[in-house]
Amino acid sequence: MNVKEIKDPHFLKELNLEQLEDLCCDLRKFTINSVAKTGGHLSSNLGIVELTVGMHYVFDAPFDKFIFDVGHQTYIHKILTGRAQYFNTLRQYQGLSGFQKRDESIYDCYEAGHSSTSISAAIGMAIARDLNQQSNEVIAVIGDASIVSGEALEALNHLGSIENKVIVIFNDNAMSISQPVGGFHEFLAKVRISNRYNDLKDDVRPFAKKSRLASMVLIAAKNIKDFFRRSLIDDSIFQNFNLQYYGPVDGNNLNEVIKALNIAKKSNNSIVLHFNTKKGLGYQQAQDDTTGCWHGIGPFDVKTGLTHISQSTKTSWSCIVANHLEKLMEEDRDIVAITPAMIKGSCLDHIFEKFPDRAIDVGIAEQHAATSMSGLAIGGKKPFLSIYSSFMQRAYDQFNHDLARMKIPCLIAIDRAGVVGSDGPTHHGIFDIGFLLPLPDIVLFAPRDSYEAKLLMNAAFKNNDRPYFIRLPRNSVENIPCSTSKTIEIGTWQTINPADQYDLTIVCYGDNVNKVIAHFKSHKYRVRVVNARFLKPMDTTIMAELAKETKPVIVYETDLVCNSLGYNLAAYMMEHAARCVFKIVGIQDSYPPQGTIEEIFKHEGVDLLSLEKEIERVMENEKRKN
C-alpha cells in the first residue's frame with residue numbers, strides 16, 4: 001500500500017487481519033526510509049506499529065482521545081492520520097513535528113516532549129468527558145521507563161480511586177532510551193515471562209451458552225486463569241492500585257493486540273493493558289541496539305546502517321565534560337557521577353564502564369537525582385549530575401530546596417543548554433538561566449570554550465562549597481587541553497579588545513563570545529566584547545565600568561530574555577544611573593520552533609545578522625544625537 005495516500009484511519013475498519021498485517025509491513029518500510037533521510041526517533045516507532053494500527057482499528061479517533069507519553073513514538077499515528085505526505089519535512093523548520101502537535105492535526109489532542117504526563121492528562125480529559133456527559137474513550141500510551149516516574153505513579157494512585165474510565169496502554173519494550181534500571185524493571189522481567197495465563201482465552205463463551213456443562217467448563221477455566229494470574233505474576237502492581245489489569249500481551253502480534261483492545265473497550269472501568277513490544281522491530285541494527293544509538297538517529301544509509309557524519313576535528317560539549325570528569329574521577333575517589341537515564345546522551349558510557357561503583361543511573365527521575373546529590377554530599381562525596389536543560393525544570397524545587405538552600409557542594413552540567421534544533425519547543429534549553437538566577441549561593445557558568453569549562457569543573461570540585469551549574473550547548477567545540485590542577489576565579493568576566501579602540505561594547509556569554517569576536521573582527525564599527533561567563537555571581541568590577549560607559553552597550557544572548565543576564569545587568573545599570581544607550585538582543589516571550597539552530601536564531605531575531613542590524617540602528621541614532 002502507498003501510505004502517502006492515507007487520508008484518515010477510517011479505512012482500517014474495512015481491512016481483514018491479513019491486510020492489516022501487510023499494512024504494518026508497509027508502515028515499517030516507510031518509517032525506516034523516511035527517518036533515514038531526515039533523522040528522528042526510529043526504534044520506538046518501529047516497535048509500536050501493531051499497537052498503533054490496533055488502536056486506530058478498534059477505537060474511533062479523533063472522537064476517542066489518544067495521548068502518547070513523550071510523543072516521540074507517534075510517527076505511525078501521524079501516517080495513519082494523513083500526514084505521510086509531509087514526512088520529508090519531519091523535524092525541520094516549519095515542517096512536521098517529531099511529537100504530537102495540537103495545531104498540526106485534530107488527531108493530536110495533547111502535546112508532550114518529556115515523560116510521565118499521559119495518565120494525568122487522560123484523567124483530566126476523562127473527568128471532563130463525564131461532566132459533559134460524553135461517551136468517548138480516553139487512551140494513554142505509556143512506556144515501562146516512564147511509568148515509574150513520580151507523576152505517573154501519582155496519576156495511577158488517583159485513577160484507582162475514581163470511577164472515571166481511562167484505558168492505560170502500558171507499552172513495555174524493556175528499554176528506556178537505553179537499558180532501563182530499577183526494581184520495577186526487575187519486576188517486569190518476571191511478568192514478561194509469565195504471559196502463559198493469557199493463553200486461556202474466552203473463546204469458549206459462545207459454546208458455553210449452549211450447555212450447562214460448557215458453562216461449568218468456562219467457570220473452571222476462569223478459575224484456573226485467575227490462579228495462573230496470581231501464581232505467575234504475584235499480583236500486578238496495577239491491581240494494587242485498584243486497577244483492572246490485563247496482560248502481558250504480545251504487542252507485535254496484531255491479532256492479540258486487537259483482542260486486548262476490544263476487552264478494554266468493552267470494560268466499564270479503568271484498565272491497564274500490558275503489551276510487550278520489541279523496540280526497533282523490522283530493522284536489525286535498531287532491534288539489536290542496547291545502548292540507545294538508534295533511539296534518536298541522524299540521517300543514515302538504510303543498507304549499511306551507517307550515519308551521515310560530517311568530518312570535524314571538534315568534539316561535543318557533552319563529551320568534553322565527560323572526558324574531563326573521567327580524569328578528575330581518576331584522581332579523586334570521592335567524585336560520584338549521576339544521570340537520569342541519559343548515559344548515552346551525556347557521553348557517560350566510558351565512566352559507567354570504568355567506575356561502576358561511582359556511576360549511578362537513577363532512571364527517568366530528575367527530582368530523585370537532584371535530592372540524592374544532597375545525601376551524597378552530606379555523606380562526604382562530591383556529586384556530579386549531567387542533566388538536559390529542558391529536563392532539569394522538573395527538579396527545580398529540588399535544586400532550590402534540597403541543594404541551594406543548604407548550600408550543598410555539587411556540580412551540575414546543564415546539557416543541551418540553549419536552542420537545540422529539530423526537537424523543537426519541548427526541548428529548547430532556554431529557561432534555565434531565568435529560573436536558576438534567583439537561587440542564592442549558587443554559581444552559574446557559561447564557558448566560551450572547552451578550556452573554560454574544564455577550569456570551572458576543577459574549581460567546583462576543589463572549592464567544594466556550594467552548587468555549581470555549567471551550561472553546555474548542543475554543538476561541538478575544539479578540545480583545548482587543560483590540567484586538572486588549574487582553576488578559575490569565581491565571578492570574573494573578561495574584557496576583550498583594548499579599552500581605547502572600540503565604538504561599542506557587546507556583552508555575551510558561552511560559545512557566542514567567540515562567534516561575536518569572529519563576526520565583528522573586521523566590522524566598520526570597532527566592537528569591544530565582554531565575556532560574561534559567570535551569570536552568577538556577576539563581575540561587579542566590570543559592571544561598574546559599564547555603568548560609567550558613554551558608548552553603547554548591547555547584551556547579546558540566544559536564550560530567553562526574561563530574567564536573563566541582560567535583564568539583571570539592566571537593573572544594575574539603572575540603579576547606578578548609567579548614561580549609555582543600553583540594549584538587549586535575546587529571545588522574547590515565545591517558545592521557539594523546531595529547525596536548524598541558525599533557522600531558529602533567525603526566526604527569533606537573535607542571529608548575528610540581526611545583531612548587526614541592531615548595532616547599525618544604535619550607532620546611527622548615536623550619530624544623529626551628536
Side-chain angles (χ1 to χ4, degrees), residues 317-318 321 366 370 373-374 377 383-393 395-419 428-450 452-474 487-494 507-513 530-543 555-572 584 586-587:
W317 281 92
S318 307
V321 167
E366 293 85 2
M373 294 179 75
S374 63
F384 166 89
L385 171 66
S386 183
I387 185 170
Y388 285 15
S389 174
S390 61
F391 296 170
M392 71 183 295
Q393 296 161 189
Y396 182 66
D397 180 63
Q398 285 66 38
F399 290 127
N400 176 11
H401 190 270
D402 301 333
L403 294 175
R405 186 182 61 83
M406 291 190 284
K407 210 172 181 180
I408 294 294
C410 58
L411 174 59
I412 297 111
I414 308 173
D415 207 346
R416 274 42 169 198
V419 168
H428 292 314
I430 60 174
F431 302 99
D432 56 85
I433 294 174
F435 66 65
L436 287 176
L437 282 182
L439 301 183
D441 295 322
I442 70 162
V443 172
L444 178 56
F445 185 74
R448 65 182 282 193
D449 54 31
S450 63
E452 283 194 344
K454 295 171 186 178
L455 290 178
L456 191 279
M457 294 176 70
N458 297 343
F461 288 123
K462 182 179 179 180
N463 297 343
N464 199 36
D465 58 347
R466 69 182 85 177
Y468 288 75
F469 295 83
I470 180 171
R471 304 187 82 236
L472 309 173
R474 189 185 187 181
T487 61
I488 189 171
E489 185 179 351
I490 305 303
T492 56
W493 293 357
Q494 287 180 321
V507 182
C508 53
Y509 53 83
D511 59 355
N512 282 333
V513 174
V530 172
N531 174 16
R533 55 197 180 185
F534 282 96
L535 300 167
K536 188 167 189 175
M538 298 198 292
D539 190 328
T540 54
T541 300
I542 292 182
M543 290 167 67
V555 178
Y556 172 61
E557 42 196 335
T558 50
D559 293 287
L560 203 65
V561 165
C562 183
N563 202 29
S564 63
L565 167 70
Y567 263 39
N568 284 275
L569 185 54
Y572 180 92
I584 303 172
I587 296 174

Distance, nearest 0.5 Å, that separates SG of Cys508 from CG of Asn531: 7.0 Å

Heavy-atom side-chain proximity of Ile412 to Ile387 below 4.5 angstrom: yes

Rounded distance [0.5 Å steps], CD in Gln398 versus CG in Leu403: 8.5 Å

Minimal non-hydrogen separation, Phe445 against Glu452, with atom names: CE2-O, 3.5 Å

Straight-line distance of Met373 CE to Leu385 CG, nearest 0.5 Å: 5.0 Å

Gap between atom CG of Leu437 and atom CE of Met538 - 0.5 Å precision: 7.5 Å

Distance-minimising heavy-atom pair for Trp317 and Pro473: NE1-CG, 3.3 Å

Asn463 side-chain N/O to Ala459 backbone N/O, donor-acceptor pair under 3.5 Å: yes

No-hydrogen, no-angle side-chain donor-acceptor test under 3.5 Å, Arg533 and Thr492: yes

Within-4.5 Å side-chain heavy-atom neighbours: Leu436 and Lys536: no

Nearest atoms (heavy-atom pairs only) where Asp402 meets Ile408: O-CG1, 3.5 Å

Least distance between heavy atoms, Tyr468 atom then Ala460 atom: CG-CB, 3.6 Å

Contact check, side chains of Val419 and Ile430, non-hydrogen atoms, under 4.5 Å: yes

For the student: nearest non-hydrogen atoms of Ala417 and Ser389, plus distance: CA-CB, 4.0 Å

Asp397/His401 under side-chain contact (heavy atoms from CB on, under 4.5 Å): CA gap, chis, key distance, verdict: CA-CA 6 Å; Asp397 180 63; His401 190 270; 4.1 Å; yes

Criterion side-chain contact (heavy atoms from CB on, under 4.5 Å) on Met543 and Trp493, from CA distance to verdict: CA-CA 9 Å; Met543 290 167 67; Trp493 293 357; 3.7 Å; yes

Close side-chain approach of Ile490 to Leu456, heavy-atom, < 4.5 Å: yes

Nearest-0.5 Å distance that lies between atom CG in Asp559 and atom CG in Leu565: 10.0 Å

Non-hydrogen atoms of Pro447 and Ala453 that approach each other most closely: CB-N, 3.5 Å

For Phe399, ring-ring contact (aromatic ring centres under 6.0 Å, His included) partners two or more places apart: Phe469

Min side-chain heavy-atom separation Met392-Phe435 under 4.5 Å: yes

pair Val321-Phe384: side-chain heavy atoms closer than 4.5 Å: yes

Criterion side-chain contact (heavy atoms from CB on, under 4.5 Å) on Asn568 and Asn563, from CA distance to verdict: CA-CA 7 Å; Asn568 284 275; Asn563 202 29; 3.4 Å; yes

Min side-chain heavy-atom separation Val443-Phe534 under 4.5 Å: yes

Beyond-backbone contact of Val513 with Gln494, side-chain heavy atoms, under 4.5 angstrom: no

CG-CZ distance between Asp511 and Arg471, expressed to the nearest 0.5 angstrom: 9.5 Å

